[in-house]
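Scroll down for the structure; my scribbles are underneath it.
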Amino acid sequence: MTVKKISIKKKLALKLYNRYRANEKKIHQLNYIFWECTLRCNLNCIHCGSDCMKDSSINDMPKEDFFKALDEITPDIIPNKTMIVLTGGEPILRKDISEIGKELYKKGFPWGVVSNGMGMQAPMIKSLLDSGIRAITISLDGLEDSHNWLRGNKNSFKNAANAIAILSKTEGLRYDVVTCANQKNINELPELYKLLLKLGLKEWRIFTIFPIGRAKENELLQLKPNEFKGLFDFIEKVRKEGKIKLNYGCEGFLGDYEGRVRDNFFFCRAGVNVASILVDGSISACPNLRDNFIQGNIYKDNFKDVWQNKYSMYRDRSWTKTGICGDCGYFNYCEGNGLHLRDEKTGELLFCHLKRIEEGETMPAHNILYK
């Protein structure tokens, strides 16, 4: 890699962080559990990695089945330090979501939902608050036209923006917005930033879309190399202003951008501190990891036993040192990128952040800072 050299000071910090990461793997204290509680969805997003649909052929998982698995693992975790996140699909489509929340609250677990915002209006927000919800994440993917293009619904932007405005006036609730950067919205980010400030947002995360699921089918979903690099310059600029807490998503080692575009150095915690239970009972790490990454199933395995005795491919990632990772001088800092960016059947890396940044450095700059 010919990416801009990392300073000696940052290399030292990264080496120290490697020790911390090794210790985290050894302890593998579970503190974050995703529950893919439904595959039903009220939108038809062109980038969806789960192929969700309004009338899914796969039934929602009964809440009793999830709670049984949670009870199995509870002796090994600290409930009030273990976040439960309901995802999907669109989790608020479940008619029993308030009952689920109340039960989680009684068990001592902080809980939250990841929502597209389409149905996250005042009555639903009140119901979730009454059920003890701790955190809500809303997706807003650009200004109106580009957001609605991505989400496939003409009312999606309006509803999501309205949900953000309501949440900004809600005390005692942590909420944030996630934005999936793509070629259609990359030049809108400065205006979107101003809009989010106007709506009262305090926390914002930007992700990039990679060629998995439906996202394989549309080249506009992946940023060009100079846009990819320009995105990090934009994030760094916003972070320096200090008006909003902006972080790049958790995937990918970013070379010299590490420590500049998110609060922590890159660390894929899938299978280290993070587990997921998918709608069919499969036990994984982050919900995007399926096929060969599955470690068991709650309908035939004990969740506690799986967490303690499996996940070796997550905690020892030496197997990822193949292909373009094989001779990379940054492997010890990256360990083969986020596992959701590796082919689920062959294990080969599908996308390298450093390579894309390197390509962007050889092209004309893409300045999206301000216009």
Side-chain angles (χ1 to χ4, degrees), residues 43 45-47 112 114-118 120 135-151 153-170 173-210 220-252 254 256-264 266 353 356-357 360 364-371:
L43 293 178
C45 306
I46 62 176
H47 68 307
V114 177
S115 173
N116 59 41
M118 186 67 182
M120 189 67 73
I136 296 176
T137 292
I138 301 291
S139 295
L140 194 69
D141 299 302
L143 301 181
E144 188 163 7
D145 287 347
S146 58
H147 173 92
N148 290 344
W149 166 79
L150 191 70
R151 297 288 168 175
N153 188 293
K154 65 180 182 179
N155 296 315
S156 179
F157 176 87
K158 178 181 67 176
N159 287 16
N162 182 60
I164 295 166
I166 296 172
L167 292 173
S168 70
K169 298 179 178 65
T170 305
L173 175 71
R174 182 171 184 176
Y175 76 101
D176 68 349
V177 165
V178 296
T179 298
C180 292
N182 58 76
Q183 290 185 41
K184 294 274 282 188
N185 67 15
I186 187 69
N187 292 314
E188 300 175 352
L189 292 182
E191 289 301 316
L192 181 60
Y193 170 43
K194 293 176 184 177
L195 173 63
L196 292 174
L197 287 174
K198 186 177 180 180
L199 291 173
L201 186 70
K202 301 298 182 185
E203 295 188 42
W204 186 20
R205 285 179 291 156
I206 295 180
F207 287 80
T208 35
I209 304 174
F210 303 105
L220 292 177
L221 295 176
Q222 279 86 54
L223 295 177
K224 297 176 182 177
N226 60 339
E227 294 172 333
F228 192 73
K229 183 181 181 300
L231 173 64
F232 299 124
D233 293 330
F234 169 76
I235 293 174
E236 184 176 20
K237 175 75 173 181
V238 171
R239 284 172 61 88
K240 286 180 178 178
E241 287 187 357
K243 296 178 182 178
I244 197 168
K245 183 179 181 182
L246 174 59
N247 279 285
Y248 179 61
C250 58
E251 70 262 324
L254 305 174
D256 194 53
Y257 282 110
E258 288 294 322
R260 292 160 52 190
V261 297
R262 55 187 166 211
D263 292 343
N264 301 302
F266 170 65
H353 288 67
R356 184 55 60 93
I357 293 171
H366 185 85
N367 186 6
I368 60 170
L369 296 180
Y370 288 101
K371 302 222 171 168

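From a predicted model like this one, the values you see are computed outputs, not experimental measurements.
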Exercise. Taking N153 for the side chain and L43 for the main chain, is one N or O donor matched with an acceptor at less than 3.5 Å?
Worked result: no
Problem set entry | Backbone N/O of L223 and side chain of R356: donor-acceptor pair under 3.5 Å | yes
For this session: May I ask you to decide whether R239 forms a salt bridge with E236, counting only side-chain N to carboxylate O separations under 4.0 Å?
Result: no
Seminar exercise, completed: What one should report as the nearest heavy-atom pair of A181 and L231 is CB-CD2, 4.2 Å
For this session: Go through the steps to decide whether V261 and N247 satisfy the test side chain to side chain contact (heavy atoms under 4.5 Å, CB included), and finish with yes or no.
Result: CA-CA 6 Å; V261 297; N247 279 285; over 6 Å; no
Exercise. So, for C250 and F207, which heavy atoms are closest and what is the spacing to 0.1 Å?
Worked result: N-CE2, 4.0 Å
Exercise. Within a strict 4.5 Å, meaning less than it, do heavy atoms of the L167 and I138 side chains meet?
Worked result: yes
For this session: Flag the pair H353 / F266 as yes when their ring centroid distance falls below 6.0 Å, and as no otherwise.
Result: no
Exercise. Do the side chains of N148 and S146 get nearer than 4.5 Å, heavy atoms only?
Worked result: no
For this session: Quick one: pull up CG in L246 and CD1 in I206 and give me the separation to the nearest 0.5 Å.
Result: 4.5 Å
Problem set entry | Closest non-hydrogen atom pair between L189 and T179, with its separation | CD2-CG2, 4.4 Å
Problem set entry | K229 bridged to D233 by N-O distance under 4.0 Å | yes
Problem set entry | Distance-only side-chain donor-acceptor flag, Y193 / E241, under 3.5 Å | yes
Exercise. So, the side chain of R260 versus the backbone of D256: is there a donor-acceptor pair under 3.5 Å, distance only?
Worked result: yes
Exercise. Just by distance, do the side chain of E188 and the backbone of G142 share a donor-acceptor pair under 3.5 Å?
Worked result: no
For this session: Run the numbers on K194 and E191 for salt bridge (charged side-chain N to carboxylate O under 4.0 Å, His left out), then give the verdict.
Result: CA-CA 5 Å; K194 293 176 184 177; E191 289 301 316; 3.5 Å; yes
Exercise. Under the side chain to side chain contact (heavy atoms under 4.5 Å, CB included) criterion, do Q222 and I209 qualify, and how do the steps go?
Worked result: CA-CA 6 Å; Q222 279 86 54; I209 304 174; 4.2 Å; yes
Exercise. Got I244 and E203 here, is their nearest side-chain heavy-atom distance under 4.5 Å?
Worked result: no
Seminar exercise, completed: Closest non-hydrogen atoms of L197 and K243, given as atom of the first, atom of the second and distance, are CD2-O, 3.8 Å
For this session: Answer yes or no on whether K184 is positioned over the face of W149, meaning its NZ or CZ is under 6.0 Å from the six-membered ring centre and within 45° of the axis.
Result: yes
Exercise. Say you draw a straight line from OH of Y257 to CD1 of I357; how long is it, rounded to the nearest 0.5 Å?
Worked result: 6.5 Å
Exercise. Are L192 and W204 close enough that some pair of their side-chain heavy atoms sits under 4.5 Å apart?
Worked result: yes
Problem set entry | Nearest atoms (heavy-atom pairs only) where A160 meets S139 | CB-O, 3.7 Å
Exercise. Would you call K158-E144 a salt bridge at under 4.0 Å N-O?
Worked result: no
Problem set entry | Ionic contact status for K154 with D145, cut-off 4.0 Å | no
Exercise. Yes or no on side chain to side chain donor-acceptor pair (under 3.5 Å) for Y248 and T208, after CA distance, side-chain angles and deciding distance?
Worked result: CA-CA 9 Å; Y248 179 61; T208 35; 2.4 Å; yes
Problem set entry | CG on N116 to CG on N159, rounded to 0.5 Å | 9.0 Å
Exercise. Any side-chain heavy atom of R205 sitting closer than 4.5 Å to one from V177?
Worked result: no
For this session: Specify the closest pair of heavy atoms between S156 and H147, including all atoms of both residues, with the distance to one decimal.
Result: OG-NE2, 2.8 Å
Exercise. Quick one: CG on L201 to CG on L195, what's the gap to the nearest 0.5 Å?
Worked result: 9.5 Å
Exercise. If we ignore angles and hydrogens, is there a donor and acceptor under 3.5 Å between the side chains of H47 and N182?
Worked result: no
Problem set entry | Close side-chain approach of M118 to N155, heavy-atom, < 4.5 Å | yes
Exercise. How many angstroms lie between CD in E258 and CG in N264, if you round to the nearest 0.5 Å?
Worked result: 10.0 Å
Exercise. Can you tell me how far the CE atom of M120 sits from the CD1 atom of I136, to the nearest 0.5 Å?
Worked result: 4.5 Å
For this session: Could you tell me whether the side chain of D141 and the main chain of C180 form a donor-acceptor pair under 3.5 Å?
Result: yes
Exercise. Thinking salt bridges, do K202 and D176 make one under a 4.0 Å N-O criterion?
Worked result: no
Exercise. Between I186 and H366, is any pair of side-chain heavy atoms under 4.5 Å apart?
Worked result: yes
